[in-house]
J.: 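Would you mind keeping the following structure in view while I ask a few things?
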Amino acid sequence: MEIAFLLIGGAGAGIFGSLLGLGGGVLIVPLLTLGAGLSIREAVGVSLVCVIVNSGAAASVFLRRRAANLRLGMLLELSTAAGALVGGLIAFLLSDRVLALFFAILLVYVATTMLRAARRSGLPVAQPRPLDTGGMDAAVNPPGRRTPIDRLSGPGYTVRRLVPGSLGGIGAGIVSALLGIGGGIIMVPVMNLVMGVPLRVATATSNLMIGVTATASAIIYLMRGGIDAYVAAPTAIGVFVGASIGARVVGRVDVRLLRMLFVVVQLYVALQMVLRALAVS
Amino acid sequence: MVGQPHPPRALEGPLEDTIARLLSIGTYVSVALLAVGFAGMLLGGISPFAPSPALDPGTLVSELLAGRAAGFLWLGLLAVIATPMGRVLLALVGFVRAREWEMVAVSAGILGVITLSVVLARLTEA
């Protein structure tokens, strides 16, 4: 029964995560804390494992399709991994109640972001800035003669504001390590709105980055006994299977309705987390 | 041509394909190892909420040889964590071969941060 709960719960997180473009951590941590009675830190350790598995599967597809920007992703991984290292160390200093409160704030932020995205979905999308090649296209301008910014940019867009983007990466890494999420919920808007990366590329690149970001903190959790092998295995297998199913049915599901349902669930879970933080429930 | 530097190798496509293959294989191997460990849990009647076995690198091989669930679970978890690290290492080699020195520095920096997290985790181990 307990095993079925973790397998099915993990699969549900994987399906919903891939349908809604989330790494799954936002769903796995509440599942393990509110559903299975684990502490937030134990749940975060398991969630980080699931997030890495999910990232590995998704990123391989995005790289093959040339949807992810490898160089930009790796540059930003420097800051997300550094943030995750700091966050992984801080996580063991904070109480479960403080982490629950942080998680509630994260859920409200995610719900608000989803509502905004739903409202914007009917509006025209801003076009990316054209790549300034000085009249030469990428084929004429060989990699050896391009500037570093050119090499980080892709077809039809020029990457800008590397420093604010990297600072956002540090924040995403800290939040990832503290709350067991991939950090895409922060990095996708940072890349898209701050750095001028098209949303589709930002999403794919974020998926690639999540694995390294989560690894930097997962090592700390692993070596400090923060990963429960018995819970991690069925949950990660469930997430892997669920994400594979989600990727296949994504075109056939009304995501708008799903998103609204998900916002309601997230707000309810946020309330439960606040009650946990206040030690009421 | 003597004395002229060799042009950097074009690696945009091949490197991304190689990394994609590594991620794919790493993920499947990790999940397969976790699945073997999970099957061992089922056969041994082990509850997922039973106290988790600790990771002990010294006994990992003997646990694997004895076919114990914990050995496969830990090997699977180590494979999960090793896969993104392997991806960065592979990218480092690819960028060195293409002489993209900025990206070589970036890749080395990421590996440095990951190594630092191992060292700091070791120093602050519970």
Side-chain angles (χ1 to χ4, degrees), chain A residues 2-3 5-7 36-38 49 52-53 55-57 59-64 66 68 70-71 74-75 77-78 81-82 84-85 88-89 92 142-144 148 151 208 210-237 240, chain B residues 7-8 10 12-13 15-17 19-24 26-28 30-31 34-35 37-38 41-42 46-55 69-70 73-74 76-78 80-81 83-85 87-88 91 98-100 102-103 106-107 109-110 113-114 116-118 120-122 124-126:
Chain A
E2 294 156 332
I3 285 177
F5 173 79
L6 294 176
L7 272 176
L38 265 64
V49 170
I52 298 171
V53 169
S55 164
S60 63
V61 176
F62 286 131
L63 279 172
R64 256 185 223 114
R66 306 289 184 265
L70 177 66
R71 285 166 182 76
M74 291 191 69
L75 180 69
E77 276 169 0
L78 259 182
L85 166 60
L89 294 171
F92 285 83
R151 281 195 287 272
L208 174 75
I210 282 169
V212 166
T213 309
T215 295
S217 51
I219 287 171
I220 296 172
Y221 277 81
L222 182 82
M223 294 181 74
R224 299 195 68 173
I227 295 179
D228 188 318
Y230 287 157
V231 177
T235 313
I237 292 168
F240 180 74
Chain B
E12 190 85 37
L15 180 63
E16 296 187 350
D17 286 337
I19 289 176
R21 209 171 303 130
L22 175 85
L23 286 175
S24 213
T27 305
Y28 279 107
S30 309
V31 173
L34 289 176
F38 176 58
M41 282 173 66
L42 288 176
I46 300 168
S47 162
F49 300 118
S52 173
L55 170 63
L73 293 175
W74 281 121
L77 290 170
L78 290 173
V80 167
I81 290 174
T83 300
M85 289 161 65
R87 188 260 281 176
V88 179
R99 296 178 201 164
E100 281 196 44
E102 300 115 351
M103 290 310 300
V106 166
S107 309
I110 297 168
V113 172
I114 291 174
L116 188 62
S117 74
V118 173
L120 289 176
R122 191 87 188 152
T124 59
E125 216 168 342

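Naming: A, B, ... by sequence-line order, numbering from 1 per chain. These values consider heavy atoms only, across backbone and side chains, with no hydrogens, waters or symmetry-generated copies.
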J.: Where does B:Leu73 contact chain A at under 4.5 Å (heavy atoms): side chain, backbone, both or neither?
T.: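 When you check distances to chain A, only side chain atoms of B:Leu73 fall under 4.5 Å.
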
J.: At a 4.5 Å cut-off on heavy atoms, which part of B:Ala54 comes close to chain A: side chain, backbone, both, or neither?
T.: neither

J.: Do B:Arg87 and A:Thr215 come within less than 4.5 Å of each other through their side chains, counting heavy atoms only?
T.: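 They are not in contact (no side-chain heavy atoms under 4.5 Å apart), so the answer is no.
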
J.: Could you tell me if the side chain of A:Arg151 sits less than 4.5 Å from the side chain of B:Glu102, heavy atoms only?
T.: yes

J.: Taking side chain as everything from C-beta outward and backbone as N, CA, C, O, which of these in B:Leu78 sits under 4.5 Å from a heavy atom of chain A? Side chain, backbone, both or neither.
T.: side chain

J.: Below 4.5 Å from any heavy atom of chain A, which atoms of B:Ala50 appear? Answer side chain, backbone, both or neither.
T.: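 The answer is both parts of B:Ala50.
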
J.: Tell me, side chain or backbone of B:Ser30 under 4.5 Å from chain A's heavy atoms, or both, or neither?
T.: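 Nothing of B:Ser30, per the 4.5 Å heavy-atom cut-off to chain A.
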
J.: Report yes if some heavy atom in the side chain of B:Leu23 is under 4.5 Å from a heavy atom in the side chain of A:Phe62; otherwise report no.
T.: no

J.: Heavy-atom distances under 4.5 Å only: say whether B:Thr27 touches chain A with side chain, backbone, both or neither.
T.: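 When you check distances to chain A, only side chain atoms of B:Thr27 fall under 4.5 Å.
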
J.: At a heavy-atom distance under 4.5 Å, which candidate from A:Leu89, A:Leu208, A:Thr235 has the highest pair count against chain B?
T.: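 Highest number of heavy-atom pairs under 4.5 Å: A:Leu208.
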
J.: Quick one: of B:Ser47, B:Ser107, B:Gly26, B:Gly76, who has the most non-hydrogen atom pairs under 4.5 Å with chain A?
T.: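 So the answer, after comparing B:Ser47, B:Ser107, B:Gly26, B:Gly76, is B:Ser47.
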
J.: For B:Leu77, which atoms come within 4.5 Å of any heavy atom of chain A: side chain, backbone, both, or neither?
T.: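 For B:Leu77, the side chain is the part near chain A, not the backbone.
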
